[in-house]
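Just so we're on the same page: letters track the sequence lines, and every chain starts at 1.
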Amino acid sequence: MHRWSKLFIPTLREAPADAEVASHKFLLRSGYIRQLGAGIYNYLPLGQRSLNKIIAIVREEMDKIGQEFYLPGILPKELWVESGRWSVMGENMFRLKDRKGAELCLGMTHEEIVTSMARSELRSYKQLPQIWYQIQTKFRDEPRPKAGLLRVRQFMMKDSYSFDINMAGLDKSYDLHDATYRHIFTRCGLKFVAVEADSGAMGGSRSQEFMVYTDAGEDLIASCPVCGYAANLDKAVSRLEPLDEMVATGGGMPELVATPGCAAIADVAAFFKISPASDIKCVAYMALKRGTGAKKGGTEDTWHGVATFLRGDHQVNEIKLLGAIGASEARTMQAEELTQYMNAPAGYLGPVALDPEKNPLGEGLTVVVDKSLEGRRNMVCGANKLDYHLRNVTPGRDFDWTLLADIRSVNEGEACPTVGENGVNCSGKLVVGKAVEVGHIFKLGYKYTESMGARVLDENGKEVMPIMGCYGIGIERILTAAIESSNDANGFWLPASIAPFTVVVSVTNTADTALRETGERLAEELETEGLDVLLDDRDERAGVKFKDADLVGIPYRINVGKKAATGQAELVTRQTSSSVDVALSEVAVLVKEKVREELLLGEA
RNA sequence: CGGGGAGUGGCUCAGCCUGGUAGAGCACCUGGUUCGGGACCAGGGGGUCGGAGGUUCAAAUCCUCUCUCCCCGACCA
């Protein structure tokens, strides 16, 4: 039996000033964690117990579909050079040298490692499929760690990797993970949504994120309340309503108009008395193209000018932009660069008379036009001349581009993009909300098996590349998300499945021997029933024990106090702060019943 | 990396502008009184004021450099 008096649970009355988000404050105040450096934390006994419970659930579910490995956290450079990611990962990768000067890195993900294992061990289609997983510490030198355990530089991840003989096999492995993740998050008591996601640096064709809505989250999700469509804002699309075009003036061809001082979209719209939707906005970027890696004859990283054009009321989504042009980084142009590439000042940039590069990221200017401009007519845009705009501008007729692509973020209130099987548009309007990512599954494809040369023989004896998937779960993020979604002024409550203890027995006055013994007996009884029980046997006033109990995330509390004289105790449910008097003899059974109900809900 | 803020006992902060004996509350230790929602009284311990250099008779305070942490923007579990 665990006694509060013996455990190290350093609760704080006040949160350190550094903490801003709820989970960060409460993790510190409840004695779950302590900070060691930016994005580096000590996990204290209570935090560790909770994380261990999460890990146990993850392991139990993953064992149903895969096999557990434990791969090293310190990795040789060579494998990463082979895949090309030694350079791609950039500064996010912790790098070090050994005593011989050989270069190593700390593992931030393990595709290279499992692929190296696969290529040396897998020989035949008969060995496929394989699903390999591990639960292990990852290291990522985040540019900006933040919000307690939400974004850190060292964290635990369940990562798994699937190898299949063909796409149908990958589909199956992917679906297995999809289903397994849903079980895991449900058992952890999370209310989550699965959304379409961008594949990012991982590469690959399809991916889905598992998100928990919370204002502390860093991701934006667009979702439709009608049909259930949900996607990361970096991926989400919408159906735009048709617009009334402006009536052409004069001969209907582009006309130069003096617009002194009208640099902002709002100014231009007001000047022409038009909606911002009829203005063409320009955002000019410098985009970074990474070298393709030493193995492929390696080139230097290079910067390229990219001009993007979209509706005045739309925002560029840089993730979409990077994906469209095949760049890995982008920043907006400086004034000198605007002069160099467009010979115009900010506020008056326009697409007319530019000379678009044929291929993205060539020597000249890459011009990317958002799809929403396709088919539009008689718009207003900058004239690439200070204090002048053009009107009657029609995309395609008056200017050309390198690339026409979806590069904008959808706005809340736009129409849901879903089209039913009967061809009818969904009637829903998109809503945008913040969320934290707790899991991510990818169809990787052949990226690693190809670059690293993994081959097996198929049933015809022909050499083929296995196809891969990769799948991650952030262990600490499950805890963080749970706290974010279940807290109040006094603390937080966790689902019984992941709480450090299921129930705390608070003896209101330990100086009273009879009371203390009653508490001891009750705690033993609860333990006999298989519950994880913590006995608060500290020589503290009742108020202190109640405050602490409310703070630390334990879902049930039993007060052993005055009423013990009449054979009763109080059972307090933390989530609702509701309390019922229960006969001492029935407490254990009742708590067990409540926990079982809760767990069954988790299974459903 | 760019922009903003902060480093003073374990925690929250005051003191800095205007240089002159380092403070408060909470926490901790001892004794006593208390004992169902973070008790009270008395006594006590604990800080080279992030670090280095400089100005000065004298620096927490002024100047320079530096380190660390937090927040806002580009990455991801």
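- Of the possible donor and acceptor atoms, none in the side chain of A:Asn232 sits under 3.5 Å from a partner among the backbone N and O of A:Lys235.
- As rounded to whole Å, 13 Å separates atom C1' of B:rC28 from atom CZ of A:Phe8.
- Judged by Watson-Crick or G-U wobble contacts below 3.5 Å, the nucleotide B:rA39 has B:rU33 as its partner.
- Across all strands shown, B:rU48 remains unpaired; no Watson-Crick or G-U wobble contact has both distances below 3.5 Å.
- Listed by residue number, there are no residues of residues 21-28 of chain A with a heavy-atom contact under 4.0 Å to RNA chain B.
- Comparing the same atom, P, in B:rC63 and in B:rC16 gives a spacing of 14 Å after rounding to whole Å.
- Within the shown strands, nothing qualifies as a pairing partner of B:rU55 under the Watson-Crick or G-U definition with both distances less than 3.5 Å.
- Atom CZ of A:Phe546 is separated from atom P of B:rG38 by 11 Å (rounded to the nearest Å).
- Between the C1' atom of B:rG32 and the CG atom of A:Asp539 lies a distance of 14 Å, rounded to the nearest Å.
- Of the C1' atoms belonging to B:rG2 and B:rU18, the separation is 35 Å, rounded to the nearest Å.
- Between the CG atom of A:Asp548 and the C1' atom of B:rC26 there is a distance of 14 Å, rounded to whole Å.
- Judged by distance alone, the side chain of A:Glu61 and the main-chain N or O of A:Thr180 form no donor-acceptor pair under 3.5 Å.
- Ring-plane geometry between A:Tyr41 and A:His24 is classed as perpendicular, the angle between the planes exceeding 60 degrees on a 0 to 90 degree scale with a lower cut at 30.
- Checked by distance alone, A:Glu570 brings a side-chain donor or acceptor within 3.5 Å of a matching partner on the base of B:rG36.
- Between the CZ atom of A:Phe26 and the CG atom of A:Asn490 there is a distance of 7.5 Å, given to the nearest 0.5 Å.
- Considering only the side chain of A:Glu142, B:rA77 comes nearest among B:rG38, B:rC11, B:rA77.
- Judged by distance alone, with hydrogens and angles left aside, A:Asp550 brings a side-chain donor or acceptor within reach of the base of B:rG37, the pair sitting under 3.5 Å.
- Side-chain N/O atoms of A:Gln35 include none lying less than 4.0 angstrom from OP1 or OP2 on B:rU68.
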Task: Candidate pair A:Trp4 and A:Val552, rule side chain to side chain contact (heavy atoms under 4.5 Å, CB included), full reasoning - done: CA-CA 12 Å; A:Trp4 201 308; A:Val552 300; 4.1 Å; yes
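- Side-chain contact check for A:Glu484 versus A:Ser23: some heavy-atom pair is nearer than 4.5 Å.
- Base pairing annotation: B:rG2 forms a Watson-Crick or G-U wobble pair with B:rC72, both donor-acceptor distances under 3.5 Å.
- Across the C1' atoms, B:rA6 and B:rG46 are found 24 Å apart, a figure rounded to whole Å.
- Between the A:Lys545 side chain and the A:Asn509 main chain, no donor and acceptor come within less than 3.5 Å of each other.
- Straight-line distance between the P atoms of B:rG7 and B:rC49: roughly 15 Å, to the nearest whole Å.
- When rounded to the nearest whole Å, the span between CD of A:Glu540 and P of B:rG36 equals 13 Å.
- Comparing A:Met156 and A:Lys547 by the nucleotide of RNA chain B that holds the closest heavy atom to each, the one mapping nearer the 5' end is A:Lys547.
- Mapping A:Glu318 and A:Gly39 onto RNA chain B by nearest heavy atom places A:Gly39 closer to the 5' end of the strand.
- Evaluated for a side-chain contact (heavy atoms from CB on, under 4.5 Å) with A:Leu233, the options A:Ile221, A:Val410, A:Asn411 yield exactly one hit, A:Val410.
- For A:Tyr161 and A:Phe442, the gap between ring centers reaches or exceeds 6.0 Å.
- If you check residues 143-155 of chain A against RNA chain B, the residues with a heavy atom closer than 4.0 Å are A:Pro143, A:Arg144, A:Pro145, A:Lys146, A:Ala147, A:Arg151, A:Val152, A:Phe155, listed by number.
- In this structure, B:rC16 forms no base pair with any nucleotide, since neither Watson-Crick nor G-U wobble geometry is met with both distances under 3.5 Å.
- Of the candidates B:rC69, B:rA77, B:rG36, B:rC69 carries the atom nearest the A:Ala38 side chain, counting heavy atoms from C-beta on.
- The partner of B:rC26 is B:rG10, by the rule that a Watson-Crick or G-U pair needs both atom distances under 3.5 Å.
- For A:Arg541, a side-chain nitrogen or oxygen approaches OP1 or OP2 of B:rA39 to under 4.0 Å.
- Using cut-offs of 30° and 60° on the angle between ring planes, the pair A:Phe210 and A:Phe185 is tilted.
- Base pairing analysis places B:rA60 opposite nothing; no Watson-Crick or G-U wobble pair with both distances below 3.5 Å involves it.
- Look at the P atom in both B:rG25 and B:rU61: the space between them is 25 Å, to the nearest Å.
- Between B:rC17 and B:rU30, the two C1' atoms lie 43 Å apart (nearest whole Å).
- Listed candidates were B:rA77, B:rC26, B:rC69. Nearest to the side chain of A:His440 is B:rA77.
- For B:rC35, its base never sits under 3.5 Å from the side chain of A:Asp512 at any donor and acceptor pair.
- Distance from the side chain of A:Arg13 is smallest for B:rA27 among the nucleotides B:rG37, B:rG36, B:rA27.
- Put simply, CG on A:Leu571 is 17 Å from C1' on B:rG36, counting in whole angstrom units.
- The side-chain heavy atoms of A:Val195 and A:Gln208, taken from C-beta on, include no pair separated by under 4.5 Å.
- Nucleotide B:rC1 holds its C1' atom 9 Å from the CD atom of A:Glu91, rounded to whole Å.
- With hydrogens and angles ignored, no donor-acceptor pair under 3.5 angstrom links the side chain of A:Asn509 to the base of B:rG36.
- In this entry the distance linking CZ of A:Arg34 with C1' of B:rC69 reads 16 Å, nearest Å.
- When A:Gln136, A:His440, A:Lys138 are each tested for a side chain to side chain donor-acceptor pair (under 3.5 Å) with A:Asp159, only one passes: A:Lys138.
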